[in-house]
Every structure is written in C-alpha cells, then in structure tokens.
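Below: the structure, in structure tokens.
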Amino acid sequence: MAGVRNKSGSGKIADLLDNLKQRKIPAIYEQASISEIIEAFAGSSHSRLLYVVDQEGRLKGFISLGNLVRHVFFNYHDPYIDTRKLTHMALSEIAAHFMQREPQFALASDDLQSLLQRMIKYNIKEIPIVDDEKRIVADITIVDLLCIA
C-alpha cells in the first residue's frame with residue numbers, strides 16, 4: 001500500500017467526515033447507568049467502544065465491550081484476576097466509575113497515514129474524532145481505513 005488516502009486523493013481525516021458523520025456516535029454521559037450502557041452497546045452497529053462524555057459533550061474516557069462484560073459477569077472471571085479491580089468494577093454504578101481515562105483521539109486535520117500508524121502501533125480498532133473543544137464529531141474504525149486503502 002503506497003499510503004492511505006480517500007477516493008478524492010487527499011490524506012486527511014476531514015475529507016472523510018461527511019461519510020463518518022452519517023452514523024451514530026456511540027457516546028454516553030458520565031452519569032449513565034449500567035442499563036443505559038448496555039442499551040447503548042446494543043444500539044451500536046459498528047463499534048465495540050462507548051465514548052464517555054461530559055454534559056458539554058467533551059470526551060472524558062471510554063468503556064470497551066470487554067470492560068462491560070467483566071463488570072456484568074465479574075463472578076465468572078479467572079480467579080487469578082486482581083480481586084481489588086473486580087470488586088471496584090462490581091461496585092461501580094455509573095459510566096464515570098469504570099471508564100478508562102485518557103483515551104486516544106484524533107483531530108479532523110490529522111493525516112490518515114499517521115492515524116493508521118498510531119492505530120496499528122497501539123492496537124486501536126476505533127478512535128473518536130474530536131474538535132478543538134474535545135467534543136466528538138465522528139469516529140473512525142480500522143475497517144473504515146481498510147475500505148479506503
């Protein structure tokens with residue numbers, strides 16, 4: 001592959017935003033309950049992450065499907081898992097309690113080639129695209145990048 005670029009020949013995320021904005025962003029508020037988190041995952045057709053946002057829509061963290069499964073089915077997990085972590089997850093009641101903080105994100109002005117390299121380096125399958133205020137405007141998956149390669 002000579003490089004990642006979209007069909008118009010440009011190599012910026014911004015060139016893909018029209019297509020990416022057509023799907024629902026898998027986001028929930030920090031105060032979302034477990035049942036709201038489960039409902040959001042059930043309603044997301046392309047993502048295995050939920051982005052956690054504050055009341056202004058700014059990205060605060062994320063919850064992976066794996067985290068949710070470990071939370072809901074904590075008593076089924078390997079006995080060698082640190083029980084303090086499992087206890088914390090079991091007692092968590094809202095998204096902010098067990099989201100992962102400091103998530104990776106990209107800007108619309110970022111280069112697709114650089115984004116792809118970062119996603120591969122850190123084994124990221126999907127990433128939110130944010131504006132200057134850190135509000136999510138879209139998300140992009142590794143499948144999206146495969147489709148334009």
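- The salt bridge (Lys or Arg N to Asp or Glu O under 4.0 Å) analysis of residues 138-149, with sequence neighbours excluded, yields the pairs R23-D139, R23-D144.
- Both Y122 and L116 are part of a single hydrophobic cluster, where members link through side-chain heavy atoms under 4.5 Å apart.
- Side-chain contact check for I94 versus E30: every heavy-atom pair is 4.5 Å or farther apart.
- Two residues are said to be in side-chain contact when any heavy atoms from C-beta on lie closer than 4.5 Å; L112 and L16 meet this criterion.
- Contact between T141 and M119 at its shortest, heavy atoms only, is C-CE, 4.1 Å.
- In this structure K125 satisfies the side-chain hydrogen bond (donor to acceptor under 3.5 Å, both in side chains) test together with N123, sequence neighbours excluded.
- Residues satisfying the side chain to side chain contact (heavy atoms under 4.5 Å, CB included) test with E36, not counting sequence neighbours, are A32, S33.
- Within the structure, every pair that satisfies the salt bridge (Lys or Arg N to Asp or Glu O under 4.0 Å) test and touches residues 47-56, not counting sequence neighbours, is listed here: D54-R58, E56-R58.
- For Q104, the side-chain hydrogen bond (donor to acceptor under 3.5 Å, both in side chains) partners at least two apart in sequence or on another chain are R118.
- Residue pairs meeting the side-chain hydrogen bond (donor to acceptor under 3.5 Å, both in side chains) criterion with at least one partner in residues 126-138, sequence neighbours excluded, are S47-E126.
- Interatomic distance, CD1 of I124 versus CD1 of I142, reported as 9.0 Å (0.5 Å rounding).
- Distance check: L115 CG to I13 CD1 gives 4.5 Å after rounding to the nearest 0.5 Å.
- Nearest heavy-atom pair, A108 versus I129, reported as atom, atom and distance to 0.1 Å: N-CG2, 3.8 Å.
- Residues I25, Y29, L49, Y51, V53, F62, F105, L107, V130, I136 make up the rest of the hydrophobic cluster containing L59, defined by ILVMFWY side-chain heavy atoms closer than 4.5 Å, directly or through other members.
- Atom NZ of K24 sits about 10.5 Å away from atom NE2 of H46, to the nearest 0.5 Å.
- Across all their heavy atoms, A138 and L20 have their closest contact at CB-CB, 3.8 Å.
- With values rounded to the nearest 0.5 angstrom, N19 atom CG is found 9.5 Å from I148 atom CD1.
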